[in-house]
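Working notes for the structure below.
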There are 2 protein chains.
Amino acid sequence: MSRRPRPTVAITADLVILTIRDGVLCVLVVERGNDPFAGRLALPGGFLRGEESLDETAARELSEETGLDAATLHLQQVGVYSAPDRDPRRPRVVTCAYLAIAPNLPRPAAGTDAKAAHWLPVTEAQRTGLAFDHDQILTDALELARAELQFSTIATAFCDTEFTIGELREVYEAVWGVDLDKPNFHRKVTESAGFVEPSGAKRPSPTGRPAALYRAGGASTLSPPMMRPRPASA
Amino acid sequence: MSRRPRPTVAITADLVILTIRDGVLCVLVVERGNDPFAGRLALPGGFLRGEESLDETAARELSEETGLDAATLHLQQVGVYSAPDRDPRRPRVVTCAYLAIAPNLPRPAAGTDAKAAHWLPVTEAQRTGLAFDHDQILTDALELARAELQFSTIATAFCDTEFTIGELREVYEAVWGVDLDKPNFHRKVTESAGFVEPSGAKRPSPTGRPAALYRAGGASTLSPPMMRPRPASA
DNA sequence: GAAATAGTGTCTATAAGACACTATTTC
DNA sequence: GAAATAGTGTCTTATAGACACTATTTC
């Protein structure tokens, strides 16, 4: 039996790093310095190095881009993108996309890296378009994030160590793009075992009753789930 | 800035093809003919070819292994496995794992391929162990399949074109490894919009009342979901 | 009629959603 | 007290689950 050629390819890990700024869901984008797509906006990413896995590549890129320790941030695979013409370079470049979730960071973007990185509202990114097949990657990562909010406790990854129930609700509202009932959300979250635990402290508000502060609980899955309201059919 | 070497790698698509035989969840495994792991059982898979995407590689392998048209079968990505030592060959081999779901096939395994492929109960496969990191891939694919049953209509992919509600229930029972209440399951499925639609025909039974036959409906997602019973905590 | 599987009725427990209401703060 | 945000109570509806019961077949 004749041996087919086994093409080798270059592999990158691309990151969809989401955060919420002023109640708006934002994604970290970089302006590309080199061809292909020089000058265009793209998702941050980088090539796999010799003795690391793609998960490690993604974690390294994440810490380079955000200055945060990847071990403490939520990071998960979205999928592989391997259309032969997705990147004009040769050898072919296949990418594994990762979803990362970050709390609102002190610096707009930062990073040890010279690239011009900044946060862009997701709606803006989708309107203006990104390089490569990054529009599709962003769409898929968003859908994953929206689904994960229902069944996991990752919403707390958007928050600082201590947060109020109102802030957690704003995470759901920003990612899902809906308004949620405050009283029902409060009850659902505080009564769900392992989702959040009270820190005992309160955060004074300049405008109303101080809110109790919570920390992320030990659970990683939410049961029962917090189902996203279905869009009205009519 | 000095240019780092960009290692190139070989990429495979590996398949976790599940089916149900006599009420037992089975996975298609092949006996490896060549090193590494010659003689050991492994998941079927193959290398990416020149001008195809990994999704196409997976679809091609699936049709080679099962003789079925991949376009009609459920096929989705599970994840990428890229640990540097997961495959001893050089250049490194990264794999993208796919989950495929097949109805009970006429032939035990078949395929145009000379490899010894056969169905193995999933519990057997997990007990005896597979080559490479295929134990982990199988575990992850199973967990994905179990989760997908809750929120999507893929359970019908395990069934023939026409099936009874009892057969559909056996899919859930085999994949989840639980017993479900027959009356409640029947109602839930038949009242869920777009999950199944009656074909009008009935299938006589040698032992009891004939069951009405159904076809897969148009919906791909189940709402409300069919939640898997949580294991009793105590 | 007995046995077997298919399917319906009905009651109860749990969760979701609407929304009135109370609580605690700043001004 | 007004305004604002936090949080509780309570009622209604949707869904899940238990399980008694009816329906249709073969023997």
Side-chain angles (χ1 to χ4, degrees), chain A residues 22-23 149-151 159 162-173 176 178-214 219 221-233, chain B residues 22-23 149-151 159 162-173 176 178-214 219 221-233:
Chain A
D22 299 323
L149 281 196
Q150 299 183 117
F151 312 113
C159 299
E162 293 201 321
F163 52 86
T164 67
I165 301 298
E167 287 167 346
L168 189 61
R169 181 172 41 76
E170 285 166 5
V171 168
Y172 278 89
E173 293 179 334
W176 284 350
V178 298
D179 282 332
L180 297 175
D181 182 89
K182 297 176 198 193
N184 290 337
F185 183 88
H186 188 283
R187 202 180 359 244
K188 168 109 194 173
V189 164
T190 53
E191 288 174 6
S192 175
F195 194 0
V196 298
E197 51 191 27
S199 79
K202 283 184 190 301
R203 172 175 304 165
S205 148
T207 170
R209 172 173 170 177
L213 288 169
Y214 292 81
T221 60
L222 226 47
S223 69
M226 167 111 56
M227 294 307 285
R228 168 163 41 159
R230 317 168 218 180
S233 49
Chain B
D22 298 323
L149 281 197
Q150 300 184 117
F151 311 115
C159 299
E162 292 200 322
F163 53 87
T164 68
I165 301 298
E167 289 168 345
L168 189 62
R169 181 172 42 74
E170 285 165 7
V171 169
Y172 278 89
E173 292 178 335
W176 284 349
V178 298
D179 282 331
L180 296 176
D181 182 89
K182 297 175 198 192
N184 290 336
F185 183 89
H186 188 283
R187 200 179 0 243
K188 168 109 195 174
V189 165
T190 52
E191 290 176 2
S192 176
F195 194 0
V196 299
E197 51 191 28
S199 80
K202 284 185 190 300
R203 171 175 303 165
S205 149
T207 170
R209 171 174 173 176
L213 288 169
Y214 292 81
T221 61
L222 272 184
S223 70
M226 169 112 55
M227 294 307 284
R228 169 163 40 161
R230 316 169 219 180
S233 50

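Bear in mind the structure is a predicted one, so any value in this text is a computation, not a measurement. In what follows, every chain begins at residue 1, and chains take the letters A, B, ... in the order their sequences are listed.
- In this structure, Pro210(B) and Met226(A) both approach DNA chain C, and ranking their closest nucleotides by distance from the 5' end singles out Pro210(B).
- Between Leu222(A) and Leu149(A) the shortest heavy-atom distance is CD2-O, 4.0 Å.
- With dT24(D), dC19(C), dT24(C) as the candidates, the nucleotide lying closest to the side chain of Arg209(B) is dT24(D).
- Going from atom CG of Asp181(B) over to atom P of dT15(D) covers 18 Å, rounded to whole Å.
- Note: CG (Leu168(A)) to P (dA6(D)) measures 13 Å, nearest angstrom.
- Listed nucleotides: dC19(C), dA15(C), dA20(D). Nearest to the side chain of Pro183(B): dA20(D).
- The CZ atom of Arg187(A) sits 16 Å away from the P atom of dT14(C) (whole-angstrom rounding).
- Atoms OH (Tyr172(B)) and C1' (dG17(D)) sit 17 Å apart, rounded to a whole Å.
- Side-chain proximity of Thr207(A) to dC19(C), dA4(D), dA16(D): nearest is dA4(D).
- Side chains of Lys188(A) and Phe195(A) form no contact here, defined as non-hydrogen atoms less than 4.5 Å apart.
- The two residues Pro210(A) and Pro204(A) make their nearest non-hydrogen contact at CB-CA, 3.8 Å.
- In this entry the distance linking CG of Asn184(B) with P of dG9(C) reads 14 Å, nearest Å.
- Distance, Lys182(A) NZ to dC21(C) P: 18 Å, rounded to whole Å.
- Relative to the side chain of Arg169(A), the nucleotides dA20(C), dA6(D), dT25(D) differ in distance, and dA6(D) lies closest.
- Straight-line distance from the CG atom of Leu213(B) to the C1' atom of dT5(C): 14 Å, rounded to whole Å.
- Residue His186(B) places at least one side-chain N or O under 4.0 Å from the OP1 or OP2 atom of dT8(C).
- If you take NZ of Lys202(B) and P of dT25(D), they are 8 Å apart, rounded to a whole angstrom.
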